[in-house]
Trainee: 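Just passing along the structure, written as structure tokens.
Reckoned from all heavy atoms, side chains included, excluding hydrogens, waters and symmetry mates.
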Amino acid sequence: MRKHLNIYTHNGLFHADDVFAAAMLSLITEDINIVRDGEENIPEGDDWIVFDIGGGHLDHHTPENKENNGTHPNTDIPYASCGLVWKEYYQEILKEENCPERYVETVYQKMEKSLILGIDAADNGFNPIKNALESMPNIPSDQQRELIAQGNIPFTLTQIIKDFNPTWESDRDMDEAFMDAMSFAKDIFLNRLDSIIDALDGKDYILNHIDFSAEHIMILEQFAPWQGVVTSESRSNPKAQDIWYVVSPALRGGWNVQCVLDNPDDRVSYRHPLPQSWYGLRNEELQAASGVADARFCHPSGFLAGADSQSGALQMAYKAIGNTKMKSSDIQLVQYLDQKEQACRLIAGFWHDHNGYDQTLQEAENNLKEWTQEEHLFLLVLLQDTYIGFAHLGSRGGNIDWLEDLYICKEYQRHGYGHRVVCMVEQMVRTWSDSMYIEAAARNKDAVRLYHSLGFDVLNTITMRKDFKPQDFETAAQETIDGMIFQVRKVRT
């Protein structure tokens, strides 16, 4: 970050473009000196950034600059000082705001479209509706005027900034008002930036959960904006196309079940609506209509319903689909007591599916004996009357908070059961430990993605391996940690 920065812009009435330009520049320096004055006092030298005045490359008022600057990409909107400053300094600004490097160009485009374009258009008196109508000569002039009038929004961000200017009856200092407006603009910019980066982080989270969705339902253990990701992925991803409902924690408490829309601009383009008999009902009335004991509300338009628990929200989703049984939520974790035959069958399946190794019965029994000793917890996954997997927890010197092994039989995989088991185990471990630990082979990308999507995003210990016969392995991927390159290898086939 720069230690000190001098910036110069015009005096008199200020507008959104010069205010936001100053706000953005203030993010790249520890100390900023802002001078607002006229053309006659423009400073010279490389230690000044001059914008919106003086005819330099950050001024958009001269005919030469208008021609040289052109318009924002893929639009007819001319640049103003806000867009010019953003274009020149966005990389430095985003670096200082700790934007992940992989996001920088995407953030630039999204900030451009969602904030900068509107400011520059207003400052240049550019009306996008009027501009579009110029290419539609067949529309009668009176209809054109009506369309332009309908598109005019009287109170905009540009107007909000303009209202920071002192009124004609005020004796307030103009520069002091500019600084207040700049502080306000900085908050708006940073909030927009946080939202953009958060949405990009959320995209990875949602993509993982799309992959683990099942039975027309995607379950989020933590709310993240999902509609845009599901919509875009639905163009090519059959898993996304198959999602009808999203179950997630409600920001006001409890859990929601929300309809997925085919068209986000059409609030009733439900892929599969909630039952119309629920619309507008609350509490006891909704519980009676839905048969869900902790149902709390259904929005009058039917796009959203809520319950006190995740289980309740899932029940509502399954009832809306038409299934009376909740396949994923019917699973139970049963502590091992004397189910030796079922446990050994599952342990043998675990080794066969993970390593291609066929265990003997004695070997499976030896594992079972080890995994049920003190400082271990061996849980069987029961679906109705069938054992379909297990979760093995252990202690490594403290609490029993390591999920050592997780297994779901092949025929039951890709139905969300593994996702649910990890969440159920987490709820147990939370009662006796401050953390929960999971190990996964680096080559097992499905497992790594599942655990990461459930919030396991802190690296603990790193297991490193040295292969004495590297020719027997092939590199599946490379990862970099603190500048060091590590290979993810699997046995060459």
Side-chain angles (χ1 to χ4, degrees), residues 205-206 209-210 212-227 230 242-261 267-268 270-335 379-385 388 391 415-432 436 453-455:
Y205 175 76
I206 300 301
H209 281 71
I210 288 174
F212 295 114
S213 63
E215 303 157 12
H216 303 301
I217 299 172
M218 179 171 72
I219 304 171
L220 304 179
E221 299 302 323
Q222 178 181 352
F223 176 80
W226 54 263
Q227 180 68 68
V230 172
D242 193 53
I243 299 172
W244 294 352
Y245 299 108
V246 175
V247 172
S248 65
L251 299 180
R252 299 179 182 179
W255 286 74
N256 285 340
V257 53
Q258 185 169 344
C259 298
V260 176
L261 303 176
R267 291 294 297 273
V268 294
Y270 311 132
R271 291 183 177 177
H272 197 281
L274 294 171
Q276 197 163 1
S277 60
W278 298 359
Y279 288 17
L281 300 183
R282 304 183 70 85
N283 300 322
E284 291 84 0
E285 289 184 343
L286 182 57
Q287 292 161 14
S290 66
V292 177
D294 65 348
R296 283 291 166 253
F297 76 93
C298 182
H299 193 275
S301 68
F303 85 99
L304 179 74
D308 286 337
S309 66
Q310 184 192 60
S311 176
L314 279 167
Q315 286 183 45
M316 298 178 84
Y318 274 97
K319 287 176 180 291
I321 291 170
N323 296 342
T324 56
K325 291 186 176 181
M326 295 171 18
K327 298 178 184 176
S328 290
S329 57
D330 276 344
I331 61 174
Q332 301 176 53
L333 291 182
V334 180
Q335 186 168 353
L379 303 167
L380 296 170
V381 181
L382 181 64
L383 175 64
Q384 297 175 359
D385 57 356
I388 67 167
H415 291 287
Y417 298 125
H419 180 287
R420 294 287 299 128
V421 169
V422 175
C423 294
M424 294 166 75
V425 169
E426 179 184 327
Q427 293 306 311
M428 295 173 57
V429 173
R430 280 177 179 270
T431 64
W432 63 69
M436 178 170 156
S453 73
L454 293 175

Trainee: State the CD1-CD1 distance between I217 and I321, to the nearest 0.5 angstrom.
Mentor: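 So the gap between those two atoms works out to 4.0 Å.
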Trainee: Parallel under 30°, tilted from 30 to 60°, perpendicular over 60°: which one fits the rings of H272 and W244?
Mentor: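 It falls in the parallel class, under 30°.
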Trainee: What I'd like to find out is whether the side chain of W226 reaches to under 4.5 Å of the side chain of I210, using heavy atoms alone.
Mentor: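 They are not in contact (no side-chain heavy atoms under 4.5 Å apart), so the answer is no.
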Trainee: With the side chain counted from C-beta on, respond yes when I388 and Y417 share a heavy-atom pair under 4.5 Å apart, and no when they do not.
Mentor: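 Yes, close enough: below the 4.5 Å cut-off.
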Trainee: Once you round to the nearest 0.5 Å, how far does CD of Q310 lie from CH2 of W255?
Mentor: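 With rounding to 0.5 Å, CD (Q310) is 4.0 Å from CH2 (W255).
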Trainee: Would you give the length of the straight line joining atom CD of Q332 to atom CZ of R420, rounded to the nearest 0.5 angstrom?
Mentor: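 Rounded to the nearest 0.5 Å, the CD-CZ separation comes to 12.0 Å.
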Trainee: Tell me the closest heavy-atom pair linking C298 and L274, and the distance in Å.
Mentor: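 That would be SG-CD1, 4.2 Å.
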Trainee: Is any side-chain heavy atom of V422 closer than 4.5 Å to one of E221?
Mentor: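 Sidechains of V422 and E221: no contact.
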Trainee: Between M424 and L379, is there a side-chain heavy-atom distance shorter than 4.5 Å?
Mentor: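 Heavy-atom side-chain distance check fails, nothing below 4.5 Å.
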Trainee: Supply the atom-to-atom distance S301 OG to R267 CZ, rounded to the nearest 0.5 angstrom.
Mentor: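 It comes to 6.0 Å.
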Trainee: Side-chain contact test, heavy atoms from C-beta onward, threshold under 4.5 Å: evaluate it for V260 versus M218 and give yes or no.
Mentor: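 With C-beta onward as the side chain, the pair stays apart.
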Trainee: Please check if the side chain of Y279 supplies one atom and the backbone of F303 the other of a donor-acceptor pair under 3.5 Å.
Mentor: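 No; zero donor-acceptor contacts below 3.5 Å.
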Trainee: Give me the atom names and distance for the closest heavy-atom approach of V246 to I243.
Mentor: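 Scanning both residues, the minimum pair turns out to be CG2-CG2, 4.3 Å.
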Trainee: Is the closest side-chain heavy-atom distance between L220 and Y205 below 4.5 Å?
Mentor: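 Counting from C-beta outward, L220 and Y205 do come under 4.5 Å.
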Trainee: By side chain to side chain contact (heavy atoms under 4.5 Å, CB included), which residues pair with D242, not counting sequence neighbours?
Mentor: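 For D242, the residues satisfying side chain to side chain contact (heavy atoms under 4.5 Å, CB included) (neighbours in sequence not counted) are H216.
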Trainee: Assess whether side chain to side chain contact (heavy atoms under 4.5 Å, CB included) is satisfied between V381 and L333, documenting all intermediate values.
Mentor: CA-CA 5 Å; V381 181; L333 291 182; 3.9 Å; yes
Trainee: Looking at V247 and A317, what are the two nearest heavy atoms and their distance?
Mentor: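 Shortest heavy-atom contact: CG2-CB, 4.3 Å.
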Trainee: Do N283 and R296 have side chains that approach each other closer than 4.5 Å (heavy atoms only, starting at C-beta)?
Mentor: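 N283 vs R296: side chains touch.
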Trainee: Which atom pair, heavy atoms only, marks the closest approach of G306 to N256?
Mentor: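 Taking every non-hydrogen atom into account, CA-OD1, 3.7 Å.
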Trainee: What distance separates C259 SG from Y245 OH, expressed to the nearest 0.5 Å?
Mentor: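 The SG atom of C259 sits 5.0 Å away from the OH atom of Y245.
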Trainee: Looking at every non-hydrogen atom in both residues, tell me the closest pair between G312 and A307 and how far apart they are.
Mentor: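 Nearest pair, atom of G312 first, then A307: C-CB, 3.7 Å.
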Trainee: Atom CG of D294 and atom CG of D308: how far apart are they, to the nearest 0.5 Å?
Mentor: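 It comes to 5.0 Å.
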Trainee: Compare all side-chain heavy atoms of K319 with those of V257 and state whether any distance is below 4.5 angstrom.
Mentor: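 Not in contact.
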Trainee: I'd like to know if the side chain of Q287 reaches the main chain of A295, judged simply by a donor and an acceptor atom lying under 3.5 Å from each other, with no hydrogens or angles considered.
Mentor: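 At least one qualifying donor-acceptor pair exists.
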Trainee: Between I219 and H209, what is the shortest heavy-atom contact and its length?
Mentor: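 Reported closest heavy-atom pair: O-CD2, 2.9 Å.
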